[in-house]
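Have a look at the structure below, then the notes.
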Number of protein chains: 2
Amino acid sequence: MTAETETGAQPRLPLSRERVLRAAVSLADEGGLKSLTMRRLAESLDAEAMSLYYHVANKEELLDGVAEFVVQEINDVVDRIDLPSAGADWKKAARQRILAAREVLLRHPWAPELLQTRTTAPVAVAKYFDGLLRLMRDGGFSYDLAHHGLHALGSRALGFSQELFNPGDDANSDDSAAMMENMAGQFPYLAGMLMEIVHDDPDSTLGWCDDQTEFEFGLDIVLDGLDRLRSER
Amino acid sequence: MTAETETGAQPRLPLSRERVLRAAVSLADEGGLKSLTMRRLAESLDAEAMSLYYHVANKEELLDGVAEFVVQEINDVVDRIDLPSAGADWKKAARQRILAAREVLLRHPWAPELLQTRTTAPVAVAKYFDGLLRLMRDGGFSYDLAHHGLHALGSRALGFSQELFNPGDDANSDDSAAMMENMAGQFPYLAGMLMEIVHDDPDSTLGWCDDQTEFEFGLDIVLDGLDRLRSER
DNA sequence: TTGTAAGTTTTACATCGTAAGGTGCCATCG
DNA sequence: CGATGGCACCTTACGATGTAAAACTTACAA
């Protein structure tokens, strides 16, 4: 009588830009960016594809919104950190921020790819860099040096690992014996490097590059370099 | 009589994987990655879309081929450089290589986005890193430190600028007066930075960040940092 | 009751990647 | 010589995608 042919279907929450963006993030988390289509997104909200267009201009704008959303998530985390940043402390404070940002990004591995395809920077990115800039100014940076510093950090400032190939790009599988042979011919130095690493640490066939370690190593090189320029005055 | 209904149409070169990849690069150069579709690619070769599949397994494999092709172009340029790399000279040699790689990438602005979406690394990338590794070994790096160094350089090693947003991301247009007002409230430090820069160099409304300068600045920070670790022994 | 606006759905279309199968050509072999 | 078979290319067709256009639904004001 009360409509609804199926078994007591729920009234269903109304859509909203907020809900759409949240669902989009979830979809991407589960299946990557390619699985984020308007139809699937709508389905995950129990609606039709075209309904989304009432809350979002088009897919590009949806993606812009998702990018904004993710960076905002970083800002939320980062804003909860409160460390002294005067003088030499700027470095510890910046390091902490950036590592916190990276933690968020690890939950959204598709975010770098998304951010890179945005033509216009999310406002949240400006906010993030403004905060980082504050730390550097507290540390005694001139605006000019700080400016170069932000460029030098680049996307690493937001926690991007900026490796060329993410997972298991070396030592992927199969018998490494024959592969090493082949490799030694084409890439003698890479082969030499691999052999030494295997020698030093035999149980390192898979994922022998620790992403976290490498990220921190690279980050510290940049931060240390900037700090040196800062204190040189 | 000799077939060909239209005005003396040419016999047309036969397709080949090589020709297909070259055409794909050209298409991307002209209209970006999104304009690279199988149909348009075929059309640019005066053929039908499905004909491409005789030379290329599918679009993913085509993109892999294009990626390989571009990195190979980098390798070609880089191989022509021959600088001493013993001892402290490694840095100059590496710098030169990386700047040469960047020059190639500037002609293919879509390449970073493409490389980032590859799941498997082009062989040419291994070759490139092998060459870089050689320089570092000549310079006296341990394999271990060189390994960290390659990670620290990351995609920058291939000339990626790894800025978050490529062109005109600040100071884009319109009257900057009202914008500054608004900005000063939300992003006081960014606003301060901009104001100082405008003050120092008034004719810098557009593109006041010199990509080349910033790239070299960031690169030198990393190279100097690595060199320091190298000579610390 | 009637109108009006907000929110959602239906229908439809152009464009994309590509599966399946067909066509023309040439070299080889009986 | 004609038959055979493989290579290179084309035709047709299908499902997925983003989205324009217009119809429907609900809630509320006049």
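In what follows, every chain begins at residue 1, and chains take the letters A, B, ... in the order their sequences are listed.
At whole-Å resolution of the value, CD in A:Glu43 and C1' in D:dA16 are 13 Å apart. For the pair B:Lys59 NZ and D:dT17 C1', the interatomic distance rounds to 13 Å; values are reported in whole Å.
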**Item:** Test side-chain contact (heavy atoms from CB on, under 4.5 Å) applied to A:Val70 and A:Trp110, step by step
**Value:** CA-CA 10 Å; A:Val70 172; A:Trp110 41 268; 3.5 Å; yes

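A salt bridge links A:Asp64 with A:Arg118: the distance from a Lys NZ or Arg NE/NH1/NH2 to an Asp or Glu carboxylate oxygen falls below 4.0 Å. Taking 4.0 Å as the cut-off between side-chain N and carboxylate O, B:Glu216 and B:Arg95 count as a salt-bridged pair. Using a 4.0 Å cut-off between charged side-chain N and carboxylate O, A:Glu48 and A:Arg39 make no salt bridge.
Checking side-chain atoms of B:Ser26 against main-chain N and O of B:Arg22 turns up a donor-acceptor pair under 3.5 Å. Here the side chain of B:Glu68 pairs a donor or acceptor atom with the backbone of B:Ala124 at under 3.5 angstrom.
Inter-residue side-chain proximity for B:Asp130 and B:Lys127 is flagged as unmet; no heavy-atom pair is nearer than 4.5 Å.
At most 12 heavy atoms of other shown residues, nucleotides or ligands fall within 6.0 angstrom of atom CD in A:Glu43.
Within a heavy-atom distance below 4.0 Å of DNA chain C, the residues of residues 48-56 of chain A found are A:Glu48, A:Met50, A:Ser51, A:Tyr54, A:His55.
You can see that DNA chain C meets the heavy atoms of chain B within a 4.0 Å-exclusive cut from C:dC16 to C:dA20, reading 5' to 3'.
Mapped onto DNA chain D by nearest heavy atom, A:Glu60 and B:Leu15 fall at different nucleotides, with B:Leu15 at the one closer to the 5' end. Mapping B:Arg39 and B:Ser16 onto DNA chain D by nearest heavy atom places B:Ser16 at the nucleotide closer to the 5' end.
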